[in-house]
Asks: 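Structure below; questions to follow.
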Amino acid sequence: MEDTTTGPPPERHVAVFAFPFASHPPLLLTLVRRLASAAPTVVFSFFSTAKSNRSLFSDFSCHNIRPYDVSDGIPEGYVFQGKLQEDINLFLAVAEEELRKGVKVAEADIGVNVGCLVVDAFFWFSGDMAEEMKIPWVAFWTAGACSLSAHFYTDVIRSKSSQLLEGSSGVPDEDEIVDFVPGISAIRLSDLPSGVLFGNLESPFSTMLHKMGRTIAKATAVPINSFQELDPDLTKNLSSELNNFLNIGPFNLITSKQNPPPSKVDEFSCISWLEAQEPRSVAYISFGTVCRPPPHELVAIAEALEETKILFLWSINNDSKKHFPEGFLERTTADGSGKVVPWAPQVQVLEHVAVGVFVTHGGWNSVLESVGAGIPMICRPFFGDQQLNTWMIEKVWGIGVRIEGGSFTKRGTRCALERVLSLDGSPKRIKERVEALKELAHKAVEPNGSSNQNFKTLVDVVTRATL
Ligand SMILES: *[C@@H]1O[C@H](CO)[C@@H](O)[C@H](O)[C@H]1NC(C)=O
Ligand SMILES: *[C@@H]1O[C@H](CO)[C@@H](O)[C@H](O)[C@H]1NC(C)=O
Ligand SMILES: *[C@@H]1O[C@H](CO)[C@@H](O)[C@H](O)[C@H]1NC(C)=O
Ligand SMILES: CC(=O)N[C@H]1CO[C@H](CO)[C@@H](O)[C@@H]1O
């Protein structure tokens, strides 16, 4: 036996497949940590690439979670050509074979056959694997119910929009408002996630999402990082179509409650700077680690901030700062109106009483963090589900606005900031609605709350002996 642990072999072995990009692996690991703690006699083998593995497990280990490396698909000596999603495409080309091999290795290693697959929902092929192995398949969707619905109903959406085109000029009207996504009463076509109707529908990434939409109804359970009170209609519809469609988030509220992260040093003094500001006076600006607004938009934001004298905390990579207007950093630092940092502890910043608005790309984690803190948003979406999230924020939940025209201009930025910070005397409805959702989010993760109840159902699926 290779097994180095003492005592009897585990009662059950669950294989976990991470999609090794962006925030996908840490979110899946958060889920697996909760499962591992709820089911201590189950062993979870966690498959990701060496790079992702290293960053996830460098300061964390747990007796019943075992990391295993799979190849990233990058050939020896490969030179990246800077193509869109190049790393993702290389990985997707080898993923199925790598994961199938990995399961065999882990089974031999742990001495128990895999009895359940818990995977990033992107890996549609794991449904076939689970079927062959006759075991439950848990497909974890890391984003919102809105984007899951758009991918689940992609064939319906495509066929209804082609009917719409018949008799018209044949050119899709991107501004057309339709009711094609069950659970969302109205949606503008161009705000659907890329790969559903617009964008490159044949790319490996779009194909993966399309196949996921077509197979996910076979999953034994579909947990998502959201809470059902946010989207009652979507939850009703998806629950009728999917097995055990389970809202078990927001994860950001659960992690901060159950395992407070080792209090990260406020490396760039964001919190101490916020301490000195008036309540709800500061605009917090951050577009995550991937999205980069073009230089002219950075200039527009900077000019709007200087003109309105609105206080701001801006988290931006060092590289982009060179595009700021001449003297912007010096002037705003000198008069104390702003602070620019390369990194900010986002959850703590959003929870700080001085923050009044979050200027964001509308990525799902940022949206949940803003809702969890009750902070309204100004959104400038870039790709993926960000447009759809922005639509929901503005039109459905009413907790923020999309930047006018979809990108930053000086005038648009100024109007959005004044409106959301209620400086122009507009009613405070946005703030009230986001406060109400914040309450619901916090209730959902209470011991009695819906997300916690749903999590118990999920534990049941994962620990059940047979399908
Ligand atoms: C969900 O939407 C689909 C597609 O429109 C529909 O067939 C189904 O009846 C809906 N389910 C519920 C419970 O509304
Ligand atoms: C950015 O600049 C700050 C301050 O000059 C420095 O501490 C930080 O390490 C830099 N970050 C990167 C990623 O270069
Ligand atoms: C849980 O819910 C029940 C019934 O809905 C309620 O009576 C009870 O007080 C709740 N417990 C907690 C801890 O909230
Ligand atoms: C190649 C690599 O770094 N893989 C690591 C995955 O994570 C585990 C736990 O830290 C390491 O043991 C592996 O070396």
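Just follow the structure's listing: the first ligand is 1, and inside any ligand the first atom is 1. Residue numbers start at 1 and run along the sequence shown. Since the structure is predicted, the reported quantities are computational estimates derived from the model, not experimental observations.
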Asks: Give a yes-or-no answer on whether the side chains of Ser320 and Asn317 include a donor-acceptor pair shorter than 3.5 Å.
Replies: yes
Asks: Between ligand 1 and the protein, give all atom pairs where both partners are nitrogen or oxygen and the distance is under 3.5 Å, as lines of names plus distance to 0.1 Å.
Replies:
| unit_1 | atom_1 | unit_2 | atom_2 | d |
| --- | --- | --- | --- | --- |
| ligand 1 | 2 (O) | Tyr153 | OH | 3.2 |
| ligand 1 | 2 (O) | Asn237 | OD1 | 3.4 |
| ligand 1 | 2 (O) | Asn237 | ND2 | 2.3 |
| ligand 1 | 11 (N) | Asn237 | ND2 | 2.9 |
| ligand 1 | 11 (N) | Ser240 | OG | 3.1 |
| ligand 1 | 14 (O) | Asn237 | ND2 | 3.4 |

Asks: Tell me, which pairs form a ring pair (Phe, Tyr, Trp, His ring centres under 6.0 Å) where one or both residues lie in residues 351-405, sequence neighbours left out?
Replies: Tyr284-Phe358
Asks: For Ser45, give me all partners under side chain to side chain contact (heavy atoms under 4.5 Å, CB included), at least two apart in sequence or on another chain.
Replies: His13, Ala15, Phe47, Tyr68, Ala106, Ile110
Asks: Is the terminal nitrogen or CZ of Arg34 (NZ for Lys, CZ for Arg) located under 6.0 angstrom from the six-membered ring centre of Phe455 and within 45° of that ring's axis?
Replies: yes
Asks: Please say which of Phe17, Phe57, Phe60 ends up in a ring pair (Phe, Tyr, Trp, His ring centres under 6.0 Å) with Phe46.
Replies: Phe57
Asks: Mind checking side chain to side chain contact (heavy atoms under 4.5 Å, CB included) for Gln228 and listing every partner two or more places apart, or none if nothing turns up?
Replies: Thr235, Asn247, Ser450, Asn454
